[in-house]
Amino acid sequence: MTSHTTSLRLGGSAPLVREPLDAERADAYAPMFKALGDPVRLRLLSMIASARGGEVCVCDLTGSFHLTGPTISHHLKVLREAGLVDSDRRGTWVYYRMVPAALAVLGGLLGAGALAA
């Protein structure tokens, strides 16, 4: 089972403010948070999440950065392997879209609403 699959399977867990993470859950969530810990990947995720139509071509992402195509591809691969985005190849271009369940899992884990309760 990949960490992406494990993360989504563990999505019903309680927020951090209610109970501490066990080792299995921490191992499952860490790649997602690690992927978001890089400013370029955070910007890429934001661009993908806010794209009209729910997806964006890699060709529309690369111009926003002063990085080479292979570097952008590496960052997108990290986001994909963390289970935050998914992609499809169409001809010579790759299109990226959010994995909504992954963000729901992270949001539920952080449980910002639980702080007010």
Side-chain angles (χ1 to χ4, degrees):
M1 180 181 314
T2 66
S3 61
H4 170 248
T5 306
T6 302
S7 296
L8 295 180
R9 182 178 57 81
L10 296 172
S13 59
L16 291 173
V17 297
R18 292 204 186 128
E19 65 182 52
L21 287 176
D22 59 32
E24 180 186 9
R25 289 173 34 210
D27 287 343
Y29 294 129
M32 297 171 99
F33 283 105
K34 184 175 180 180
L36 293 175
D38 182 274
V40 171
R41 289 193 289 268
L42 191 56
R43 283 188 62 209
L44 284 167
L45 186 70
S46 174
M47 293 168 74
I48 294 166
S50 63
R52 290 185 183 207
E55 63 182 10
V56 63
C57 178
V58 68
C59 62
D60 295 324
L61 297 171
T62 54
S64 299
F65 299 91
H66 297 292
L67 299 170
T68 65
T71 301
I72 295 295
S73 292
H74 165 75
H75 285 297
L76 290 166
K77 177 183 174 186
V78 171
L79 291 171
R80 194 176 61 251
E81 288 177 349
L84 297 168
V85 300
D86 201 2
S87 64
D88 289 312
R89 179 172 291 281
R90 299 180 197 155
T92 58
W93 298 113
V94 179
Y95 288 78
Y96 289 87
R97 65 189 162 282
M98 286 294 310
V99 175
L103 289 185
V105 165
L106 292 177
L109 177 67
L110 294 175
L115 290 174

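What you are looking at is a predicted structure, and each value in this text was computed from that prediction instead of being measured. Atoms considered below: every heavy atom in the structure, side chains included; atoms not considered: hydrogens, waters and symmetry mates.
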[X]: which residues meet the salt bridge (Lys or Arg N to Asp or Glu O under 4.0 Å) condition with it, sequence neighbours left out?
X     : value
Lys34 : none
Arg90 : Glu55
Arg97 : Asp86, Asp88

Sorted by chain and residue number, the side chain to side chain contact (heavy atoms under 4.5 Å, CB included) partners of Thr68 (sequence neighbours excluded) come out as Pro70, Thr71

May I ask you to test the [X]-[Y] pair for a side-chain heavy-atom distance under 4.5 Å?
X      : Y     : result
Tyr96  : Arg80 : yes
Leu84  : Ile48 : no
Leu110 : Tyr29 : no
Leu76  : Leu61 : yes

Side-chain donor/acceptor pairs under 3.5 Å, residues 36-45, sequence neighbours excluded:
{"unit_1": "Asp38", "atom_1": "OD1", "unit_2": "Val40", "atom_2": "N", "d": "2.9"}
{"unit_1": "Asp38", "atom_1": "OD1", "unit_2": "Arg41", "atom_2": "N", "d": "3.2"}
{"unit_1": "Arg41", "atom_1": "NE", "unit_2": "Ala35", "atom_2": "O", "d": "3.0"}
{"unit_1": "Arg41", "atom_1": "NH1", "unit_2": "His75", "atom_2": "ND1", "d": "3.1"}
{"unit_1": "Arg43", "atom_1": "NH2", "unit_2": "Ser64", "atom_2": "O", "d": "3.4"}

If you measure from OH on Tyr95 to SG on Cys59, what distance do you get to the nearest 0.5 Å? 5.5 Å

So, using side chain to side chain donor-acceptor pair (under 3.5 Å) as the criterion, who are the partners of Ser73 when residues are at least two apart? none

Exercise: identify the closest heavy-atom pair between Ala102 and Met32: CB-CE, 3.3 Å

